[in-house]
Each structure stands twice: as C-alpha cells, then as structure tokens.
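Quick caveat: nothing in here was measured; it's all calculated off a predicted structure. All chains are named by letter (A, B, ...) in the order of the sequence lines, taking the proteins before the strands, and each is independently numbered beginning at 1.
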Protein chains: 2
Amino acid sequence: MSDYEHTCMIRGDGGKTIRAILDQICNKWTLLIVATLDRSRVRFTDLHQQVPGISQRMLTLTLRNLERDGLVLRTVHAEVPPRVEYELTAIGRSLLPPALALAGWAMEHVPQIEASRAAYEQRSSPGR
Amino acid sequence: MSDYEHTCMIRGDGGKTIRAILDQICNKWTLLIVATLDRSRVRFTDLHQQVPGISQRMLTLTLRNLERDGLVLRTVHAEVPPRVEYELTAIGRSLLPPALALAGWAMEHVPQIEASRAAYEQRSSPGR
DNA sequence: CTGTATCCCCCGAGATACTG
DNA sequence: CAGTATCTCGGGGGATACAG
C-alpha cells in the first residue's frame, strides 16, 4: 500500500476509529510497556521496576487496556504468593516494528528539533 | 539499526527527551495535520476544513508547535486579506513514513482489536 | 482571513491507603 | 505479590468572543 493511500486512511473519516486506537497506543506509557515486553515474559513487579517512573495504578490500567485489545497476554499462576506474567501476543509483537520506527525517528531528530526550538525561542523573545 | 537497539532507546533513560518528543507527535492532532500537509501547501482556513473537528485554537497551537520544532514552514503573504500557508519541511516529510506506518498498523488491526474488545466485555460482564 | 484571549470542563495521571 | 479504591490536581482541549 502506498504512502498516499495511508495518508488518506489517517485523514478519512470514519477515521474516528483509527484515531481512537492511535490515541490509545500513543499514550504516556503504552509504547514503553510494549517495548519492555519485547522478547520476554515479565511479571508485574519486574515490569514496575523496569519501567522507570510509572505508578502501580497506571501500570495496571495500561496493562488492562493492552490485554483488552489483545496485544498482551496475562497469565495468572495459581500459587501463593501470586505470580502474574505478561507477554506480547502475535498482534502485540506486530506493533513493535512501526512503534520502534517512530521511536527511531524521534531519536534521530532530537538534535535538529532542539536546535529548531532554541532558534525559535531566540526569535520570539530577542530582548530576554 | 536493529529492533533490539531501538527497544533499548525507547526504554533507556535519558529517554525522557524521546518521550517528550513522542508525546508531542502522538497528541490528538499532530499526526492528522502532518498527514494533511503531505504533498501540498495549505492555508489556514483550508486546513481548518480539511481536518474534521479541530477547533481554531487547537489548529493554531498545533501548527505553532510544529513550526517551533521545525517540522512545518509558515509563510505569511503580505496581502489583504491576509494569506498564510503551511507546508512540511524536509524533517516534517521524513516523519511521514513512520507515522503512516503506525497508522497503517492501526488500520490493519482494527477488526482484530475490536473483536478482542468485544470478547473481553463478554468475559467481564457475562450476566449483562 | 488569521489568528489571540478567556472561560470552563473533563479526565489522565500521581499519591496514598487498603485487600486477597 | 498483585492488585483495587479514593482523592486530588494540572492541563489538554472545546466554545465563544474579540482583534488586526
């Protein structure tokens, strides 16, 4: 499928559905968690430690959404103390390449963007 | 660069910068506007009409951010009535492929995700 | 036509405390 | 260990009115 067709998809309405899904994926923690689940099953506490700065609440909520959308599989082991492991499903893994492509883009352009911001500040507050 | 290295980038801190930039790009309107600016210069009002549902305020704000980050070029024509045109810069255009890749992913997986959601609802409220 | 300036509301998200 | 339950707050974002 061509870039142009993709463009149409992003813009066209009923793209409401797309937007909703993109919003979900692009929120504060989702990409981070999906990236962390790459190549391994991880249990709740480990995830909590490996994702720097996330609260227990947001970790739970984000994982529930991912599970609900079928991107993450949640496995509860009937033990005591309880053990719960999370892993990517096939769909979840298929998200990785495009997500990482976007992250890669961000990485590569940080210097240019920051330079552009600095220049912009100069222009808008020259006396300061 | 390998997927694995990208994974590290997304996760690694100082990835704070990356996260900030990703947050900016993945907000409610940015991708939509960038996609709309693909292949043409567009003036303010046209943009306002072509992006369905955006308020004047958010259009202005989003465009300012994009201009500030060097993704969009703003050209004011000294005429009356005023005419302002927006177009992507080289950096802005370089965002298109990964952004559209993500949008494409979302498009392709809408059915599976919705199915997964429906099934999830079933499970969580079986009596309803 | 192309914006600013205000007001206001909702909800994303953190902190904290409690439970099976 | 792996969560829920509340409370709270800031700010993203809509509606509206005004300005150059």
Side-chain angles (χ1 to χ4, degrees), chain A residues 13 15-16 19-34 36-37 40-69 72-87 120 123-125, chain B residues 13 16 19-34 36-37 41-69 72-87 120 123-125:
Chain A
D13 241 349
K16 267 194 306 184
R19 262 267 306 288
I21 289 182
L22 278 181
D23 282 1
Q24 179 115 54
I25 284 165
C26 289
N27 69 22
K28 193 168 182 185
W29 298 111
T30 302
L31 280 185
L32 220 42
I33 288 181
V34 168
T36 305
L37 287 177
S40 55
R41 264 207 218 160
V42 188
R43 46 191 304 192
F44 188 85
T45 304
D46 293 344
L47 215 41
H48 195 189
Q49 288 163 353
Q50 287 182 45
V51 178
I54 196 173
S55 65
Q56 221 171 34
R57 170 189 154 80
M58 287 321 294
L59 182 54
T60 303
L61 283 180
T62 309
L63 284 170
R64 283 293 174 281
N65 284 334
L66 286 171
E67 187 196 1
R68 170 192 157 115
D69 288 356
V72 155
L73 183 65
R74 176 170 178 267
T75 313
V76 183
H77 300 266
E79 311 172 352
V80 42
R83 185 167 114 245
V84 181
E85 292 182 317
Y86 295 90
E87 63 189 312
Y120 190 91
R123 263 173 280 144
S124 46
S125 54
Chain B
D13 245 349
K16 265 195 307 183
R19 263 264 309 285
I21 289 182
L22 278 182
D23 282 0
Q24 181 115 57
I25 283 166
C26 291
N27 68 23
K28 192 168 182 186
W29 299 110
T30 302
L31 280 185
L32 220 42
I33 289 181
V34 169
T36 305
L37 288 176
R41 265 206 216 159
V42 188
R43 48 191 301 191
F44 188 85
T45 304
D46 294 343
L47 216 39
H48 194 189
Q49 287 163 354
Q50 287 183 45
V51 177
I54 194 172
S55 65
Q56 223 170 34
R57 171 189 153 81
M58 287 322 293
L59 181 56
T60 303
L61 283 180
T62 309
L63 284 171
R64 285 292 174 281
N65 285 333
L66 287 171
E67 189 196 359
R68 171 192 156 115
D69 288 356
V72 155
L73 182 65
R74 176 171 179 265
T75 312
V76 183
H77 300 267
E79 310 172 355
V80 42
R83 186 168 112 246
V84 181
E85 293 183 316
Y86 295 90
E87 61 190 313
Y120 189 91
R123 264 173 277 143
S124 45
S125 54

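- For the helix from C/dC1-D/dG20 to C/dG20-D/dC1, the end axes, each set by the C1' atoms of five terminal pairs, are bent relative to each other by 40° (nearest 10°).
- From the 5' end on, the contacts that DNA chain D makes with chain B at under 4.0 Å to a non-hydrogen atom open and close at D/dG13 to D/dG20.
- Along DNA chain C, the stretch of nucleotides lying under 4.0 Å from any heavy atom of chain B spans, 5' to 3', C/dC1 to C/dT6.
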Hey, can you pull the donor-acceptor pairs under 3.5 Å for the side chains in residues 51-59 of chain A, sequence neighbours left out?
residue, atom, partner, partner atom, Å
A/Ser55, OG, A/Met58, N, 3.2

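- Between atom OG1 of residue B/Thr62 and atom CD of residue B/Gln24 there is a gap of 9.0 Å, rounded to the nearest 0.5 Å.
- When all heavy atoms are compared, the tightest approach of A/Thr36 to A/Gln50 is CG2-OE1, 3.5 Å.
- Remark: B/Arg64 pairs with A/Tyr120, B/Thr60, B/Glu67, B/Arg74, B/Tyr86 by the side-chain contact (heavy atoms from CB on, under 4.5 Å) rule, at least two apart or across chains.
- Looking at residues two or more places apart in sequence or on another chain, you find no side-chain hydrogen bond (donor to acceptor under 3.5 Å, both in side chains) involving B/Gln49.
- Sorted by residue number, the members of residues 55-64 of chain B with any non-hydrogen atom under 4.0 Å from DNA chain C read B/Gln56, B/Arg57, B/Thr60, B/Arg64.
- The side-chain hydrogen bond (donor to acceptor under 3.5 Å, both in side chains) test applied to B/Thr30 returns B/Asn27, not counting sequence neighbours.
- In this structure, the side chains of B/Leu37 and B/Leu47 come closer than 4.5 Å at one or more pairs of heavy atoms.
- Taken to the nearest 0.5 Å, the CD1 atom of B/Ile25 stands 11.0 Å off from the CG atom of B/Asn65.
- Residues satisfying the side-chain contact (heavy atoms from CB on, under 4.5 Å) test with B/Thr75, not counting sequence neighbours, are B/Leu73, B/His77, B/Glu87.
- Note that the OG1 atom of B/Thr45 and the NE2 atom of B/His48 stand 8.5 Å from one another [nearest 0.5 Å].
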